[in-house]
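Since the structure comes first, as structure tokens, the remarks are kept for the end.
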Amino acid sequence: MQAEAAIITPSGAVELIRSAAALIFDVDGTLAETEELHRQAFNHAFVRHGLDWQWDRAVYKDLLRVTGGKERMRAYHARLAAAPALSDADIAELHRIKTAHYAELIETGFCPLRPGVAELLRSARARGQRLAIATTTSHGNIDALLSQALGARWAAQFDAIVAGDDVRHKKPAPDVYLEILARLKLDASDCLAIEDSANGLIAASRANIPVLITRSMFFWDDDFSAARVVLDDLSELGAPK
């Protein structure tokens, strides 16, 4: 069993949250359990493109160690010794099909925010805390999810939004978090990152930002020993304070 974080109680988590000037959220797996829909969308794109690839949950869980959809497809392709060549244009077209189908799946309304997320966002805004997003996913994917969950003007709730394509290196590199700190003009110690994966934890930690982990479907058994708080989900925080 992995060692857990130094602060693991809901009361300790609440105090850590309340003391932060800004809360910085990851998206996939943190705000909503989106990864299963991403997996389905990738498989849809493969069929549409005439590839015989099929990512089951075990394969996808392993591929999630590679951050970024295009990077994930390239990594999988590299594993296949006799695979036909895929150009950058092929990868881009696969990603376009995948992204469009993911948006269609989100529009069905079957991917709500995870427990406690909406309540934390509301209570943070009521306290005057700043909110930000730091993610490896694309702006289109963020909009597809949050326009359904928070309404068409969702972006107005966040002071800064940095996606994977906005920086040179994706998580576990700290780039998205360093860019968020620059946009917020805050010190790392004044912020709290809310993540669900080891890659996210490493990225935020490399930027010296303390991390609260909310375990998710595909990253449940990651090593979170460097996190300040580890929760199953944000509903453990209780009623907003």
Worksheet entry | Intermediate values then yes/no, side-chain hydrogen bond (donor to acceptor under 3.5 Å, both in side chains), Thr67 and Asn199 | CA-CA 8 Å; Thr67 52; Asn199 274 339; 5.3 Å; no
Item to complete: Kindly determine whether Val66 and Leu64 satisfy side-chain contact (heavy atoms from CB on, under 4.5 Å), including the steps that lead there.
Response: CA-CA 5 Å; Val66 179; Leu64 283 171; over 6 Å; no
Worksheet item: For Lys61 and Asp221, what are the C-alpha separation, side-chain angles and deciding distance, and is it a side-chain contact (heavy atoms from CB on, under 4.5 Å)?
Response: CA-CA 11 Å; Lys61 177 180 172 66; Asp221 56 353; 3.1 Å; yes
Item to complete: Decide side-chain contact (heavy atoms from CB on, under 4.5 Å) for Leu192 and Ile24; before the verdict, give the C-alpha distance in whole Å, the side-chain angles of both, and the deciding distance to 0.1 Å.
Response: CA-CA 6 Å; Leu192 178 67; Ile24 309 171; over 6 Å; no
Worksheet entry | side-chain contact (heavy atoms from CB on, under 4.5 Å) evaluation trace for Trp53 with His77 | CA-CA 9 Å; Trp53 299 1; His77 182 252; 3.8 Å; yes
Discussion item. Quick one, Asp222 with Arg65, criterion salt bridge (Lys or Arg N to Asp or Glu O under 4.0 Å). Give me CA distance, side-chain angles, the key distance, then yes/no.
Written reply: CA-CA 11 Å; Asp222 275 7; Arg65 306 301 170 192; 2.8 Å; yes
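Considering only residues two or more places apart in sequence or on other chains, Arg122 meets the side chain to side chain donor-acceptor pair (under 3.5 Å) condition with none of them. With sequence neighbours excluded, the residues forming a side chain to side chain donor-acceptor pair (under 3.5 Å) with Glu179 are Arg183, listed by chain and number. For Thr135, there are no side chain to side chain donor-acceptor pair (under 3.5 Å) partners at least two apart in sequence or on another chain.
Residue pairs meeting the salt bridge (Lys or Arg N to Asp or Glu O under 4.0 Å) criterion with at least one partner in residues 149-162, sequence neighbours excluded, are Arg130-Asp159.
The main-chain N or O of Gly29 is found under 3.5 Å from a side-chain atom of Arg114 such that the two form a donor-acceptor pair. The main-chain N or O of Ala144 is never found under 3.5 Å from a side-chain atom of Gln148 such that the two would form a donor-acceptor pair. One N or O on the side chain of Thr30 and one on the backbone of Asp196 form a donor-acceptor pair closer than 3.5 Å. Proximity of a side-chain donor or acceptor of Asp166 to a complementary backbone N or O of Ala163 within less than 3.5 Å is detected. Counting only distance, with no hydrogens or angles, the side chain of Asp233 and the backbone of Arg215 share no donor-acceptor pair below 3.5 Å. Side-chain atoms of Ser205 never come within 3.5 Å of backbone atoms of Asn208 as a donor-acceptor pair (strictly under, hydrogens ignored). Without hydrogens or angle criteria, Thr99 side chain to Arg96 main chain gives no donor-acceptor distance under 3.5 Å. Of the possible polar contacts, none joining the Glu35 side chain to the Phe218 backbone as a donor-acceptor pair under 3.5 Å is found. Distance alone, capped at 3.5 Å, places no donor-acceptor pair between the Arg228 side chain and the Pro210 backbone. Checking side-chain atoms of Asp56 against main-chain N and O of Ala58 turns up a donor-acceptor pair under 3.5 Å.
Taken from NE2 in His38 to NZ in Lys98, the straight-line distance is 4.5 Å, to the nearest 0.5 Å. Considering CG of Leu86 and CD1 of Ile91, their distance stands at 5.0 Å, rounded to 0.5 Å. With values rounded to the nearest 0.5 angstrom, Ser197 atom OG is found 8.0 Å from Ile202 atom CD1. From Leu150, atom CG reaches atom CG of Leu145 across 8.0 Å, with rounding to the nearest 0.5 Å. From Ser123, atom OG reaches atom CD1 of Ile17 across 7.5 Å, with rounding to the nearest 0.5 Å. Distance NE2/His95 to CE/Met73: 5.5 Å, rounded to 0.5 Å.
Note on Leu37 and Ile142: same hydrophobic cluster, where clusters join Ile, Leu, Val, Met, Phe, Trp and Tyr whose side-chain heavy atoms are under 4.5 Å apart, directly or indirectly. Both Leu146 and Ile106 are members of a single hydrophobic cluster when ILVMFWY side chains are connected at heavy-atom separations under 4.5 Å. In the hydrophobic cluster analysis, where Ile, Leu, Val, Met, Phe, Trp and Tyr join through side-chain heavy atoms closer than 4.5 angstrom, Val211 is grouped apart from Leu184. Ile194 and Leu181 are not part of a single hydrophobic cluster, where members link through side-chain heavy atoms under 4.5 Å apart. Note on Leu121 and Val14: same hydrophobic cluster, where clusters join Ile, Leu, Val, Met, Phe, Trp and Tyr whose side-chain heavy atoms are under 4.5 Å apart, directly or indirectly.
Side-chain contact of Trp154 with Asp143: a donor-acceptor pair under 3.5 Å is present, judged by distance alone. Side-chain contact check for Asp187 and Ser189: no donor-acceptor pair (N or O, by modelled atom type) lies under 3.5 Å.
Test Thr137, Asp28, Asn141 against Thr34 for side-chain hydrogen bond (donor to acceptor under 3.5 Å, both in side chains) and you get one pass: Asp28.
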Please table the atom pairs, donor to acceptor, closer than 3.5 Å between any side-chain atom in residues 44-51 and protein atoms at least two apart or in another chain.
none

Under 3.5 Å, side-chain donor or acceptor atoms of residues 170-178 against the rest of the protein: list the pairs with distances, not counting sequence neighbours.
from	atom 1	to	atom 2	distance (Å)
Lys170	NZ	Glu71	OE1	3.2
Lys170	NZ	Glu71	OE2	3.2
Lys171	NZ	Asp26	OD1	3.1
Lys171	NZ	Ala134	O	2.9
Lys171	NZ	Glu195	OE2	2.7
Asp175	OD2	His169	N	3.2
Tyr177	OH	Glu195	OE2	2.5

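The two residues Ala32 and Cys111 have their closest heavy-atom pair at CB-SG, 4.0 Å. In terms of heavy atoms, Ile180 sits closest to Ile161 at CD1-N, 4.3 Å. Across Gln157 and Arg125, no two heavy atoms sit closer than the pair OE1-NH1, 2.6 Å. Between Val229 and Ala13, the shortest heavy-atom contact is CG1-CB, 3.7 Å. Closest approach of Leu231 to Glu236, counting heavy atoms only: C-OE2, 3.6 Å.
Aromatic rings of Trp55 and Tyr76 (six-membered ring for Trp) have centroids within the 6.0 Å cut-off, being under it.
The aromatic rings of Phe42 and Tyr60 sit tilted relative to each other, their planes meeting at an angle between 30° and 60°.
With contacts defined as side-chain heavy-atom distances shorter than 4.5 Å, the pair Thr214/Val117 does not qualify. Contact annotation: the side chain of Leu23 approaches that of Leu120 to within less than 4.5 Å [non-hydrogen atoms, C-beta and beyond]. Here the side chains of Leu212 and Leu234 are in contact, with some heavy-atom distance below 4.5 Å.
Taking a cutoff of 4.0 Å between a charged side-chain nitrogen and a carboxylate oxygen, Asp62 and Arg72 do not qualify as a salt bridge. One finds a salt bridge joining Asp88 and Arg74 here, because a Lys/Arg side-chain nitrogen approaches an Asp/Glu carboxylate oxygen to under 4.0 Å.
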